[in-house]
Protein chains: 8
Amino acid sequence: MTKDELKEMLEKVANGSLTPDEAVTKIRLQPYDDLGFAKIDVHREIRQGAGEVIYGEGKTDEQICKIVKHILASDSESVLITRMSPDSAERLAKEVELFYDKTSKIGIAGKRKTDCSRGNIVIATGGTSDIPVAEEAALTAEYYGSRVTRLYDVGVAGIHRLLDNAAVLAEANAVIAVAGMEGALASVVGGMVDCPVIAVPTSVGYGASFNGLAALLSMLNSCASGVSVVNIDNGFGAGYLANMINKSR
Amino acid sequence: MTKDELKEMLEKVANGSLTPDEAVTKIRLQPYDDLGFAKIDVHREIRQGAGEVIYGEGKTDEQICKIVKHILASDSESVLITRMSPDSAERLAKEVELFYDKTSKIGIAGKRKTDCSRGNIVIATGGTSDIPVAEEAALTAEYYGSRVTRLYDVGVAGIHRLLDNAAVLAEANAVIAVAGMEGALASVVGGMVDCPVIAVPTSVGYGASFNGLAALLSMLNSCASGVSVVNIDNGFGAGYLANMINKSR
Amino acid sequence: MTKDELKEMLEKVANGSLTPDEAVTKIRLQPYDDLGFAKIDVHREIRQGAGEVIYGEGKTDEQICKIVKHILASDSESVLITRMSPDSAERLAKEVELFYDKTSKIGIAGKRKTDCSRGNIVIATGGTSDIPVAEEAALTAEYYGSRVTRLYDVGVAGIHRLLDNAAVLAEANAVIAVAGMEGALASVVGGMVDCPVIAVPTSVGYGASFNGLAALLSMLNSCASGVSVVNIDNGFGAGYLANMINKSR
Amino acid sequence: MTKDELKEMLEKVANGSLTPDEAVTKIRLQPYDDLGFAKIDVHREIRQGAGEVIYGEGKTDEQICKIVKHILASDSESVLITRMSPDSAERLAKEVELFYDKTSKIGIAGKRKTDCSRGNIVIATGGTSDIPVAEEAALTAEYYGSRVTRLYDVGVAGIHRLLDNAAVLAEANAVIAVAGMEGALASVVGGMVDCPVIAVPTSVGYGASFNGLAALLSMLNSCASGVSVVNIDNGFGAGYLANMINKSR
Amino acid sequence: MTKDELKEMLEKVANGSLTPDEAVTKIRLQPYDDLGFAKIDVHREIRQGAGEVIYGEGKTDEQICKIVKHILASDSESVLITRMSPDSAERLAKEVELFYDKTSKIGIAGKRKTDCSRGNIVIATGGTSDIPVAEEAALTAEYYGSRVTRLYDVGVAGIHRLLDNAAVLAEANAVIAVAGMEGALASVVGGMVDCPVIAVPTSVGYGASFNGLAALLSMLNSCASGVSVVNIDNGFGAGYLANMINKSR
Amino acid sequence: MTKDELKEMLEKVANGSLTPDEAVTKIRLQPYDDLGFAKIDVHREIRQGAGEVIYGEGKTDEQICKIVKHILASDSESVLITRMSPDSAERLAKEVELFYDKTSKIGIAGKRKTDCSRGNIVIATGGTSDIPVAEEAALTAEYYGSRVTRLYDVGVAGIHRLLDNAAVLAEANAVIAVAGMEGALASVVGGMVDCPVIAVPTSVGYGASFNGLAALLSMLNSCASGVSVVNIDNGFGAGYLANMINKSR
Amino acid sequence: MTKDELKEMLEKVANGSLTPDEAVTKIRLQPYDDLGFAKIDVHREIRQGAGEVIYGEGKTDEQICKIVKHILASDSESVLITRMSPDSAERLAKEVELFYDKTSKIGIAGKRKTDCSRGNIVIATGGTSDIPVAEEAALTAEYYGSRVTRLYDVGVAGIHRLLDNAAVLAEANAVIAVAGMEGALASVVGGMVDCPVIAVPTSVGYGASFNGLAALLSMLNSCASGVSVVNIDNGFGAGYLANMINKSR
Amino acid sequence: MTKDELKEMLEKVANGSLTPDEAVTKIRLQPYDDLGFAKIDVHREIRQGAGEVIYGEGKTDEQICKIVKHILASDSESVLITRMSPDSAERLAKEVELFYDKTSKIGIAGKRKTDCSRGNIVIATGGTSDIPVAEEAALTAEYYGSRVTRLYDVGVAGIHRLLDNAAVLAEANAVIAVAGMEGALASVVGGMVDCPVIAVPTSVGYGASFNGLAALLSMLNSCASGVSVVNIDNGFGAGYLANMINKSR
């Protein structure tokens with residue numbers, strides 16, 4: 001609530017068109033619903049331009065079910081669930097309409113939007129094993145309406161695979177670079193494009209990759225400008241941010 | 001060079017309007033100048049939409065001078081130098097026109113652009129000690145033409161200082177959150193806005209801050225969506241990226 | 001044994017009302033019972049104002065049983081067992097009266113005290129996944145007689161959920177802030193209250209959370225005053241300490 | 001502002017005893033003064049029961065001077081400055097009344113309170129080298145009115161030095177255990193007292209102490225109950241928290 | 001394509017012996033096959049002198065099958081698969097000719113070359129538990145045609161076992177030193193030979209070996225000259241590199 | 001072979017009482033048996049005063065069996081096997097005489113020595129969960145003939161449990177201090193005795209214990225003199241070393 | 001005080017040969033002198049068989065002077081000071097008799113013992129740069145009366161330098177292995193001798209030696225039996241412990 | 001000494017052509033000279049094909065002088081000194097003939113070989129700041145006779161700078177890739193050549209580069225085959241190894 005809105009409302013109280021009690025309600029109206037174990041942010045779509053998202057990991061099947069049904073019963077047509085186990089998905093599908101993708105563990109409950117044609121986001125991966133994380137990003141960005149171009153297995157050790165797709169990269173409003181091991185993809189892509197590059201380190205690798213730490217550090221130290229980094233394996237975060245950047249270009 | 005451009009050029013070779021030698025030159029034309037110790041990317045402005053930048057740290061005064069003069073002699077009106085010591089600045093100012101800011105150690109050689117009115121980037125800091133990094137970001141974004149709103153010392157331990165500036169934040173196309181210690185600023189800001197938040201961990205702190213590691217990890221684990229992270233103290237990277245996002249919105 | 005008590009006893013020896021052997025016994029009386037694999041501190045309630053607690057992890061079902069029965073047979077009405085597996089609980093319930101909470105893995109053997117009305121401790125969590133640790137803290141504090149107010153899922157990325165509960169926080173004698181991921185809850189809460197805040201980092205998160213390390217470092221670097229930290233997932237420690245602080249206020 | 005206060009004020013607006021503009025001012029009144037580079041929290045004493053504190057590190061002499069004079073000119077009799085260099089102190093002493101302690105680098109500008117007789121806080125150190133951190137804690141606690149008992153150089157490798165002071169420890173409302181190297185002091189003290197123990201790891205040590213990391217981890221893993229930890233070398237934080245606990249006992 | 005080849009081809013275009021379209025095709029001919037989830041580098045044998053290798057970990061049985069069959073159908077007689085689970089091997093063996101070694105999890109699909117007589121590579125291990133990694137290296141080097149001499153369980157704590165094999169070591173063109181725990185083998189071997197030593201840290205060990213980190217750091221700090229290091233447990237990388245060095249000596 | 005022994009032998013060659021071939025054999029006699037996957041150090045008892053020991057982890061049942069039988073068939077009455085799984089033990093017991101202790105996973109194949117009366121080693125643990133590691137140390141020391149006094153569950157948070165056993169500690173030739181969590185036991189014990197203290201950090205703990213790292217660092221930084229440290233959970237190493245120290249006192 | 005001594009004393013109280021007050025004094029007699037900033041353990045020689053040692057680092061010149069003079073004035077002929085800066089030494093030499101060694105920064109105040117002929121300790125270093133730490137160990141062991149044999153620059157990359165000194169090693173009662181970089185010296189020496197090996201990692205090295213971490217981890221993971229480790233650069237600790245082991249053999 | 005040489009010598013003893021004393025001397029002849037603080041390996045050129053090298057760091061000017069003069073007085077025409085400070089160089093130049101390069105801190109004492117024409121080693125750097133490490137490698141390889149081609153400032157964020165030099169890379173027998181920050185150069189180069197690539201991480205960078213750790217981990221996880229890694233900033237090691245590989249191709 002901005003200062004002007006506040007003044008306007010208080011003037012209504014002064015001229016009697018709003019009672020003090022109504023004003024209290026308006027000012028303090030709880031912008032979330034309280035399920036006890038979770039406080040659902042039902043007004044987030046208004047405030048942030050994107051609906052509530054459920055992070056499935058660490059929640060019981062029952063908790064997920066309750067939250068999903070509560071949101072769908074409120075004012076949302078659909079809700080995105082990330083990192084949902086196949087078991088949770090099976091359970092949830094019995095109660096609500098559900099799209100579920102096994103590779104990325106993404107679920108979309110309710111009515112799935114089919115229009116994902118705005119702008120263009122390119123998602124590149126270093127290898128085949130990075131695809132689950134890339135798909136989490138892709139499905140997230142598509143859920144919010146963005147068009148996504150997939151460019152998988154273009155790691156830097158065979159640099160021609162990446163260079164041959166320079167034209168594809170050139171048309172992006174935002175690029176998501178998903179890579180494990182040494183994470184060099186972000187730097188090379190960063191030097192080839194003039195749009196933001198969101199780097200996603202993955203836990204793909206072994207030994208001194210230390211579960212994604214090597215790729216994470218590599219990406220944070222990228223010598224290319226325009227590169228920023230999200231958490232290891234955080235495909236959702238990258239897809240959400242890419243959609244945000246793509247939205248208004 | 002895209003496939004179409006390539007075909008067009010080869011057709012010129014076929015019809016004799018371009019000699020094979022000229023074509024070889026065009027295809028392989030070195031897009032950089034070689035100073036021996038540095039290869040200057042003079043075409044970068046065309047390719048990436050932003051001129052070459054000099055990272056001053058680890059370069060001798062003489063190397064900086066040579067590179068700056070070479071660039072200015074080529075096709076650029078100005079060049080940005082980051083992390084330049086006061087001594088290097090003093091030396092350089094003797095040979096070229098130079099704007100230098102002691103707080104951020106940013107230098108702009110040549111003719112400084114004065115129009116920085118495009119869009120709006122908000123730069124927030126957790127404390128007073130984070131200002132040097134924030135100014136590196138601010139001057140960088142301004143150099144590329146963005147308007148910058150500064151919001152300094154709004155750390156989360158006095159949350160009202162941040163909340164009172166909600167309206168300022170709401171008008172940003174991109175927010176840069178600069179914070180050391182526990183780095184919580186990025187998460188709180190990320191929950192208040194609907195534009196990308198670029199988090200810059202700083203090395204401000206002591207003990208278990210481990211020179212910015214605590215803030216870095218905190219920011220990477222942000223529970224807010226739309227937050228991405230650059231290297232510790234990397235004000236330049238954040239300013240460059242924010243300008244990129246701001247550019248076309 | 002204080003200097004005065006010692007002198008008093010020695011005077012009894014001097015006047016013959018206590019034999020040397022009795023004195024030796026008194027001075028060296030073992031303040032614990034030795035079960036071979038464990039030395040039970042039966043006098044701890046007197047010395048520290050709180051009975052012995054059993055840390056269940058790493059102990060066999062049989063060891064837990066033996067220790068519990070020994071304590072109940074001594075002078076305690078009940079004993080608290082933390083991190084007890086459901087299997088151990090099932091086994092123990094066959095031999096003694098047992099309350100067991102699956103979420104927190106807390107068990108209370110013997111007669112459970114029902115009066116937990118002293119003072120007020122607020123326990124806040126960043127998310128739903130932090131609840132098991134929060135409940136370990138809550139049940140521990142209640143076991144020792146404190147009143148506990150639960151405030152779950154009030155993470156900082158939706159700061160209004162926390163601010164709306166400012167009044168609840170304001171009435172606390174001590175606050176326990178339980179959060180994983182970036183652990184920013186502790187700093188924001190720390191800036192809102194004038195009582196001690198005990199921060200409990202949790203291992204909730206993934207990737208660069210490094211099993212709670214990110215939250216731990218974040219909390220240790222809190223820019224709010226009055227915040228201290230216990231081990232990752234150490235709900236018991238936080239509950240015990242909060243009760244200590246709450247006790248005499 | 002609680003719900004009731006808000007309603008009361010809005011009723012005044014409704015009945016005309018308060019104009020909408022006045023209400024806007026009251027609701028949004030900035031609870032801080034903005035110096036540009038710093039936002040001073042002048043109402044903090046009311047909200048948190050303790051005045052603003054200046055963290056001196058990373059601030060220029062001039063910034064410290066400006067902030068101190070601003071606070072003293074507002075409504076505070078004195079202000080505490082931590083980690084202030086001797087040079088900054090010398091500069092500041094020319095403009096305001098200043099108490100300065102070289103060992104701890106604590107400064108108190110304005111009128112120093114002389115009554116520090118409330119309750120009892122015991123501050124113990126493992127060695128002689130831990131004294132600067134301990135004094136930061138001691139002077140902070142005394143600044144807020146607490147009585148402090150110093151117990152220095154009682155490290156656990158000569159356990160009798162600690163045991164001989166058991167009676168001193170027994171009279172504390174809170175104990176601050178300051179130790180570097182292996183940090184075992186916190187655990188041993190924690191087992192001897194029935195009040196909260198605030199553990200302060202110090203960067204004293206070499207090699208595998210890794211600037212205090214060893215002591216920090218040791219203290220976080222304390223097997224004694226009632227122990228919590230603050231940042232490495234954070235004497236101020238420990239003193240502030242101990243005073244908070246001591247206050248109302 | 002070198003500058004000369006390019007000029008030659010363009011002259012053909014100029015004299016009409018090559019059409020522009022053919023030239024475009026030649027210049028941009030994709031040197032990989034795209035299976036959607038994988039881009040296979042079929043020209044790698046020409047470019048790098050060694051065929052494509054499949055890293056089995058993180059790929060589904062079906063993906064491995066498809067890639068292997070695609071490669072064998074192209075122009076390769078055989079293909080090497082590393083880190084292939086016994087299950088994947090069983091599945092693959094149903095469709096193509098397959099050699100599979102359980103210890104090292106190496107598979108060779110297609111026609112296995114039997115001539116491995118070129119030069120001499122010695123592979124030494126510190127202990128029995130390092131053998132799986134050593135065999136990955138050995139089978140890789142043999143796959144590419146090198147002769148391999150195995151010297152297992154010659155760890156430095158019984159230095160005579162190593163010294164007695166000095167003559168064996170002296171005849172090597174390259175030595176692979178495979179060791180976990182303290183990884184000292186690389187340094188001792190490095191001081192005994194005048195050929196390159198490739199050190200492979202293994203994750204063998206416990207406690208402070210931190211899954212191979214101790215051996216990795218030890219090997220990187222080797223005081224012997226001529227030693228370089230590959231990733232923890234990276235037998236394939238060591239075997240491939242050793243063969244490269246051995247090839248032309 | 002010392003210089004004198006060598007000269008003596010060469011003189012025998014010179015005077016014909018030893019043939020050159022015999023001398024070669026003597027000088028180069030392989031002091032180990034080669035099983036292919038393992039080189040057994042059969043002369044180690046002579047060289048180091050203690051027979052070969054088998055580290056069971058990472059070896060197959062069959063490998064353990066072969067090595068044990070080879071050693072028993074050579075010149076040893078018994079052989080110690082550490083970290084042997086119950087399954088391996090069951091398999092081995094079918095072929096040779098075997099003592100096996102489940103807690104410590106120690107096995108003794110062949111004829112177990114029953115005389116363990118030399119000197120005195122005290123083994124103390126911080127808690128009940130440290131007992132498996134302590135027993136590995138105890139059984140190892142007893143295997144080599146040392147007398148062992150067990151002092152379990154004497155952690156420093158109940159310092160009287162340790163102090164009451166001061167007399168037991170005072171009679172030791174060497175003390176092994178086994179502790180996880182904060183590992184403070186080593187420092188306190190180190191200050192109470194005048195014999196070497198071997199500290200064994202254990203992986204007992206959770207959260208910031210980082211699998212024994214906290215205890216390890218703590219012990220390495222012990223402020224008590226006479227303390228040295230072995231690897232995390234390395235009960236065998238501590239027992240072996242303690243026996244070495246105890247041997248000749 | 002043992003149980004028997006206690007009983008004996010109490011019997012004296014019972015028969016009147018000792019007053020209660022005298023007994024109190026005897027039982028609680030403070031076994032240290034309190035200088036305020038330091039509590040000196042004057043009875044340590046009796047309790048631990050070795051006098052108080054002063055760790056010079058982090059102490060002011062004045063503090064060192066006061067402690068040294070207090071100890072010499074009590075009952076000690078000499079006192080060992082470690083890590084004393086040349087400046088502190090110069091200052092101290094003006095007030096007491098002082099031996100000072102610049103390489104190791106060891107000082108001996110008072111009357112230096114000249115008899116160091118007991119037993120035999122061998123101190124080996126990997127390189128020339130490890131000598132300062134080795135000398136700290138050597139002078140410490142000699143201070144307590146042990147005979148020391150120095151074997152410097154025998155690192156494992158030239159293994160013959162070590163093997164040629166096998167006879168020297170064979171005569172040791174304890175070996176101190178001092179090495180930085182990869183720290184392999186400890187393992188090789190550990191396999192050559194049948195006495196305890198005390199490994200001292202040094203901070204010698206660069207890059208991935210991480211100030212001695214590589215050597216520390218390497219030594220902790222030694223595959224040789226009988227090796228234990230002290231803190232990085234802790235020459236004093238190693239010398240003290242070696243003397244302890246050497247003492248009674 | 002091989003078995004055959006040994007037998008041959010012993011036969012000479014048997015037939016009297018060699019006395020036992022002479023044989024003892026031959027067998028045990030110390031292959032190093034002992035300067036007390038250093039044992040110089042004068043036969044290393046014979047054993048390893050390259051003369052002794054002096055690592056200058058951590059040695060006093062006087063120690064360097066003594067060692068250099070001793071070596072030159074023995075059998076070497078020249079000696080390489082790495083990491084020698086300008087001061088040490090100035091001192092040394094007064095006593096022997098010396099070539100000294102300030103950038104790399106390499107010194108060559110004695111007669112510098114001028115023939116460095118064997119084979120071809122390409123040394124590439126990511127940026128200008130990596131040149132000192134690259135020059136250490138280059139001068140080392142040239143010292144041993146290799147031809148070196150320098151390719152500086154070809155980092156991956158401007159991939160065309162690297163690709164334009166593909167022909168240069170293609171002619172190498174070994175490539176040294178020197179890079180700090182994200183260290184991606186090694187992977188990209190590794191995919192372009194068919195010869196061994198030696199990766200040298202440098203400490204160039206800031207923040208999360210952690211003094212070269214990011215580049216080190218990145219290089220160890222390279223997805224290109226044929227890449228191995230040496231210590232951070234270890235130009236000497238890379239140059240030495242590259243020369244070894246180059247030698248016989």
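The basis for the numbers below is simple: all heavy atoms, side chains too, and nothing from hydrogens, waters or symmetry mates. Below, chain A is the first sequence line, B the second, and so on; all start at residue 1.
Remark: K105(B) NZ is loosely packed, at most 12 non-hydrogen atoms of other residues, nucleotides or ligands lying under 6.0 Å away.
Minimum heavy-atom separation, L213(D) to F210(B): CD1-CZ, 3.8 Å. Between S129(B) and G58(D), the shortest heavy-atom distance links the atoms OG-O, 3.6 Å.
Taking CD1 from I67(D) and CG from D153(B), the interatomic distance works out to 7.5 Å, rounded to the nearest 0.5 Å.
When atom types are taken as modelled, the side chain of D233(D) and the backbone of G207(B) share no donor-acceptor pair closer than 3.5 angstrom.
With respect to chain B, the highest number of heavy-atom pairs below 4.5 Å among N231(D), L216(D), N211(D) belongs to N231(D).
Residues satisfying the salt bridge (charged side-chain N to carboxylate O under 4.0 Å, His left out) criterion with E62(D), sequence neighbours excluded, are K66(D). When the side-chain hydrogen bond (donor to acceptor under 3.5 Å, both in side chains) test is applied to S88(B), the partners found at least two apart in sequence or on another chain are D61(B), S85(B).
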task: Applying side chain to side chain contact (heavy atoms under 4.5 Å, CB included), run through Y55(D) and T128(B) and close with a yes or a no.
output: CA-CA 10 Å; Y55(D) 175 63; T128(B) 298; over 6 Å; no
